[in-house]
Amino acid sequence: MNTLPFPLADEPDEISAEKGRKLFAGESTFVKGVVAMSGLPPADRLEVCFAGRSNVGKSSLINALTGTKGLARASNTPGRTQEINFFTQGPERYLVDLPGYGYANAPLDVVAKWQRLLKQYLSGRQNLRRAFVLVDSRHGVKPVDEEIMALLDSAAVTFQCVMTKADKVKAKDREGVLEQVRAALSRHPAAYPELVLTSSEKGDGISTLRSIVANLT
């Protein structure tokens with residue numbers, strides 16, 4: 001048994017994996033982009049959200065999960081994605097793409113607006129079961145990641161750390177990054193005690209993440 005704090009998630013068993021496969025075999029559809037709480041779709045199904053700083057690979061991960069190329073659009077332009085984007089995943093789930101954070105040159109008023117909307121959404125969405133905070137495997141947890149984690153702590157929303165771009169890190173460097181990430185997560189009471197290591201390019205960890213989303217209740 002793994003006694004490490006924040007161990008890597010195990011591969012799902014056959015039943016859990018099949019549940020994940022079936023959920024994500026369903027259609028993925030863009031519903032709407034929301035810029036104010038009044039625009040949120042009805043809270044009629046369980047939802048999970050994805051948060052990550054710019055260039056962490058969030059769009060690529062959502063596209064890999066759903067098997068739908070171009071569902072979440074990647075953008076390298078600061079301030080392009082200022083909306084909370086909602087997607088249906090089959091009839092049972094919403095997948096929610098939160099605005100990327102950490103753009104050094106985004107206007108201050110834009111950043112303040114994002115933060116207000118995020119706080120309101122995270123605090124006020126009763127059907128939100130889990131947030132997935134994406135962290136680049138090459139860099140570990142950065143100060144901007146700590147900010148979103150603190151926001152999730154204060155909103156009492158359970159979040160799980162998903163490491164992206166795992167294929168870009170040499171095996172000998174991985175343990176050092178994981179150690180740094182585990183130390184950072186241990187400071188956050190809302191952190192779910194398990195890490196998911198993924199590569200959108202290679203498909204690593206995708207079935208594990210699908211299974212986690214499908215088995216939330």
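- The backbone N or O of L71 lies less than 3.5 Å from a partner atom in the side chain of N63, making a donor-acceptor pair.
- Distance CG/D167 to NZ/K202: 5.5 Å, rounded to 0.5 Å.
- Here the CD atom belonging to Q160 is positioned 11.0 Å from the CG atom belonging to L134, to the nearest 0.5 angstrom.
- Between the side chain of D145 and the backbone N or O of V141 there is no donor-acceptor pair closer than 3.5 Å.
- Hydrophobic clustering (side-chain heavy atoms under 4.5 Å, transitive across Ile, Leu, Val, Met, Phe, Trp, Tyr) groups I62 together with V56.
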- Stepwise side-chain contact (heavy atoms from CB on, under 4.5 Å) check, M149 with L185: CA-CA 8 Å; M149 291 173 184; L185 291 175; 3.8 Å; yes
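- When the side chains of ILVMFWY residues are joined at heavy-atom separations under 4.5 Å, either directly or via intervening members, L46 and L152 end up in two distinct hydrophobic clusters.
- Not a single side chain to side chain contact (heavy atoms under 4.5 Å, CB included) links P143 to another residue, sequence neighbours left out.
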Check residues 23-44 and write down every donor-acceptor pair under 3.5 Å in which the side-chain atom is one partner and the other belongs to a residue at least two apart or another chain.
residue : atom : partner : partner atom : Å
S28     : OG   : Q89     : OE1          : 2.7
K32     : NZ   : G39     : O            : 2.5

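- Side-chain atoms of C161 and V196, non-hydrogen and from C-beta on, never get closer than 4.5 Å to each other.
- With hydrogens and angles ignored, the 3.5 Å screen pairs a side-chain donor or acceptor of R93 with a backbone N or O of A214.
- When the side-chain hydrogen bond (donor to acceptor under 3.5 Å, both in side chains) test is applied to R174, no partner is found at least two apart in sequence or on another chain.
- The side-chain hydrogen bond (donor to acceptor under 3.5 Å, both in side chains) search around N127 returns E47, R125, not counting sequence neighbours.
- Although no hydrogens or angles enter the test, the distance criterion places no donor-acceptor pair under 3.5 Å between the side chain of D173 and the main chain of V169.
- For the atom pair CD (E92) and CG (L216), the distance works out to 11.5 Å, reported to the nearest 0.5 Å.
- With Y192 as the aromatic partner, R130 meets the cation-pi criteria of under 6.0 angstrom to the ring centre and within 45 degrees of the ring axis.
- Judged by distance alone, the side chain of K58 and the main-chain N or O of L98 form a donor-acceptor pair under 3.5 Å.
- F159 and L151 fall within a single hydrophobic cluster, where Ile, Leu, Val, Met, Phe, Trp and Tyr side chains are chained together by heavy-atom contacts under 4.5 Å.
- For F132, the ring pair (Phe, Tyr, Trp, His ring centres under 6.0 Å) partners at least two apart in sequence or on another chain are F50.
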- Give the C-alpha distance, both sets of side-chain angles, the deciding distance and a yes or no for side-chain contact (heavy atoms from CB on, under 4.5 Å) between V96 and V48. CA-CA 6 Å; V96 185; V48 297; over 6 Å; no
- Mind running side-chain contact (heavy atoms from CB on, under 4.5 Å) on R45 and T88 for me, showing each step along the way? CA-CA 9 Å; R45 64 190 75 196; T88 56; 3.6 Å; yes
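- You'll find the side chain of V135 stays beyond 4.5 Å of the side chain of R53, heavy atoms only.
- Closest approach of A190 and D153 over heavy atoms only: N-OD1, 3.0 Å.
- Between the side chains of S16 and D13, a donor-acceptor pair is found at a separation under 3.5 Å.
- Not counting sequence neighbours, D109 has no partner by the side-chain hydrogen bond (donor to acceptor under 3.5 Å, both in side chains) test.
- Hydrophobic clustering of Ile, Leu, Val, Met, Phe, Trp and Tyr side chains at less than 4.5 Å, counting indirect connections, unites L117 with I148.
- We find the SG-CG distance between C49 and D97 to be 9.5 Å, quoted to the nearest 0.5 Å.
- When atom types are taken as modelled, the side chain of T198 and the backbone of D204 share no donor-acceptor pair closer than 3.5 angstrom.
- S123 places no side-chain N or O within donor-acceptor distance of the main-chain N or O of Q120, the cut-off being under 3.5 Å.
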- Task: Determine, step by step, whether R138 and D136 satisfy the salt bridge (Lys or Arg N to Asp or Glu O under 4.0 Å) criterion, reporting the C-alpha distance in whole Å, the side-chain angles of both residues, the deciding distance to 0.1 Å, and the verdict.
- Result: CA-CA 5 Å; R138 298 169 300 179; D136 192 319; 2.8 Å; yes
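- Judged by distance alone, the side chain of T68 and the main-chain N or O of T66 form a donor-acceptor pair under 3.5 Å.
- Salt bridge R182/E179: absent, no basic N to carboxylate O contact under 4.0 Å.
- With hydrogens and angles disregarded, a donor-acceptor distance shorter than 3.5 Å links the side chain of R210 to the backbone of L65.
- To the nearest 0.5 angstrom, R21 atom CZ is 12.0 Å from S207 atom OG.
- Inter-residue side-chain proximity for L61 and L209 is flagged as met; some heavy-atom pair is nearer than 4.5 Å.
- With a 4.5 Å cut-off on side-chain heavy atoms, P7 and L195 do not count as touching.
- Taking each heavy atom of I206 and S199 in turn, the nearest pair found is CG1-O, 4.4 Å.
- Residues L8 and L178 are in side-chain contact: their nearest non-hydrogen atoms beyond the backbone lie under 4.5 Å apart.
- Between the NZ atom of K165 and the OG atom of S200 there is a distance of 9.0 Å, given to the nearest 0.5 Å.
- No chain of hydrophobic side-chain contacts below 4.5 Å, direct or via other Ile, Leu, Val, Met, Phe, Trp or Tyr residues, connects V157 to V162.
- When side chains are defined from C-beta on, K119 does not count as touching R116, because their heavy atoms never get closer than 4.5 Å.
- Minimum heavy-atom separation, T208 to P12: OG1-CD, 3.5 Å.
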